[in-house]
Amino acid sequence: MLENLKKYHILLASKSPRRRELLSELRIPFNPISLGGIDETYPDSLPKEDVPQYLADRKADAYLSIIKDNEMIITADTLVIKDNRIYGKPHSEEEAFEMLMELSDSTHNVISGVCVVTKERRISFTSTTVVKFARISEEDARYYIENFHPLDKAGSYGIQEWIGCIAVEWIKGSFYNVMGLPIHQLYQELKLF
C-alpha cells in the first residue's frame, strides 16, 4: 500500500504486543526491536499532556545513533491522565486496583505521543481520546486483575479486553489510540513521509 515506504526497513521500537498487532494491520512489513533501559523520566515542569510526546521523542533519540540510512524507527508512548495526574503502568496488583477505582465513574484522557524518524527526517504527533468509565465494582476490578494482565498497561486496563466491555460507556476519539497506537493518524502521516 504505502509505496513511498518501500525504500525503508521499518522498525517498531516497542515491546507492546498491542502496538505490534496494530501496526501489522497496516500491511506494511516491519520488525519489532527494543533497546531497553531507555530513561523515561521527564521534567516535573512539563505539562502532563505533553509527557507522552516527550517520551516518544526521547525513545526515538535513543535509536537515532544506531539506525542505518535506510531504516525508519517508529516509537510511541501512551499515558492515562485524569485530574492532571498521570496513570502509567501499575507496579503491583494493588496499585492496579487503586487505579481502576480512581478511574471508575469518571472520564479520563488517553494520550499517545508518536515519533517517526529516519536519518534525514522526523515527524512527531499526539493523539488524545476521552474515555468515560461507568462505575466499576471492587469485585469486577479484582476479577479483571486476577484474570487479565493489567500491569503492562497505562491506567491498568486494556480497552479491548473484558474491562472495556463492562466499564467503557463511551469514547471520543480513536479507539486504537486507547490500545496504544493511533493507527489512523499514523497511516496518514506515513502516507506523506
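The first residue in the sequence is number 1, and the count goes up from there. All heavy atoms count here, side chains included; hydrogens, waters and symmetry mates do not.
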Item to check | Val117 vs Tyr63, side chain to side chain contact (heavy atoms under 4.5 Å, CB included): CA-CA, chis, key distance, verdict | outcome: CA-CA 9 Å; Val117 66; Tyr63 287 91; over 6 Å; no

Reported [atom1]-to-[atom2] distance for the pair [X] and [Y], which is rounded to 0.5 angstrom:
X	Y	atom1	atom2	value
Glu21	Ile183	CD	CD1	10.5 Å
Asp77	Leu181	CG	CG	11.5 Å
Leu12	Arg19	CG	CZ	8.0 Å
Leu11	Lys68	CG	NZ	9.0 Å
Leu186	Phe125	CG	CZ	5.0 Å
Leu23	Arg18	CG	CZ	14.5 Å

Hey, is [atom1] on [X] packed in by over 12 heavy atoms from elsewhere, all under 6.0 Å?
X	atom1	value
Glu138	CD	no
His149	NE2	no
Lys89	NZ	no
Lys119	NZ	yes
Lys15	NZ	no

If you look at every heavy atom in [X] and [Y], which pair is closest and at what distance?
X	Y	value
Ser112	Thr78	OG-OG1, 2.6 Å
Ser137	Met101	O-CE, 3.8 Å
Ser106	Lys82	OG-CE, 3.1 Å
Leu151	Ala96	CD2-CB, 4.2 Å
Gly113	Gln53	CA-OE1, 3.6 Å
Ser124	Asp57	OG-OD1, 2.7 Å

Checklist entry - Given Lys6 and Glu3, is the salt bridge (Lys or Arg N to Asp or Glu O under 4.0 Å) satisfied, shown in steps? => result CA-CA 5 Å; Lys6 290 199 174 201; Glu3 295 292 321; 3.6 Å; yes

Can you find a pair of side-chain heavy atoms, one from [X] and one from [Y], that are under 4.5 Å apart?
X	Y	answer
Met72	Leu5	yes
Asn70	Lys7	no
Val110	Tyr157	yes
Ile159	Ile171	yes
Glu102	Asp83	no

Item to check | Audit row: Asp61, Arg122, side chain to side chain contact (heavy atoms under 4.5 Å, CB included) steps and yes/no | outcome: CA-CA 10 Å; Asp61 290 341; Arg122 173 190 294 250; 2.4 Å; yes

Next on the checklist: For Ile145 and Leu100: C-alpha separation, side-chain torsions, deciding distance, then whether side chain to side chain contact (heavy atoms under 4.5 Å, CB included) applies.
Outcome noted: CA-CA 10 Å; Ile145 292 165; Leu100 289 174; 4.1 Å; yes

Checklist entry - Would Ile81 and Val51 count as a side chain to side chain contact (heavy atoms under 4.5 Å, CB included) if you check the C-alpha gap in whole Å, the side-chain angles of each, and the deciding distance to 0.1 Å? => result CA-CA 10 Å; Ile81 300 176; Val51 171; 5.9 Å; no

Would [X] end up clustered with [Y] when hydrophobic side chains under 4.5 Å apart are linked, directly or stepwise?
X	Y	answer
Leu190	Ile67	no
Val168	Trp162	yes
Ile73	Ile38	yes
Met99	Ile166	yes
Leu79	Ile163	no

Item to check | side-chain contact (heavy atoms from CB on, under 4.5 Å) partner of Pro182, chosen from Ile111, Val114, Thr126 | outcome: Val114

Checklist entry - Residues in salt bridge (charged side-chain N to carboxylate O under 4.0 Å, His left out) with Arg135, at least two apart? => result Asp105

Checklist entry - Are the aromatic ring centres of Tyr176 and His184 under 6.0 angstrom apart? => result no

Checklist outcome for this item: Besides Val130, the hydrophobic cluster formed by Ile, Leu, Val, Met, Phe, Trp and Tyr side chains linked at under 4.5 Å, directly or via other members, contains Trp170

Is the backbone N or O of [Y] less than 3.5 Å from a side-chain atom of [X], with the two atoms forming a donor-acceptor pair by type?
X	Y	answer
Glu95	His91	yes
Thr129	Gly173	no
Ser24	Arg20	yes
Asn84	Lys48	no
Tyr144	Pro150	no
Thr75	Ala56	yes

Checklist entry - What is the ring orientation for Tyr143 with Phe148, classed by angle as parallel under 30°, tilted 30 to 60°, or perpendicular over 60°? => result perpendicular

Checklist entry - Is it true that the side chains of Thr128 and Asn109 contain a donor and an acceptor less than 3.5 Å apart? => result no

Next on the checklist: When you measure from the centre of the six-membered ring of Tyr42, is the NZ or CZ of Arg58 closer than 6.0 Å and no more than 45° off the axis?
Outcome noted: no

Next on the checklist: Whether Glu94 and Arg142 form a salt bridge (side-chain N of Lys/Arg under 4.0 Å from carboxylate O of Asp/Glu) is what I want to check.
Outcome noted: yes

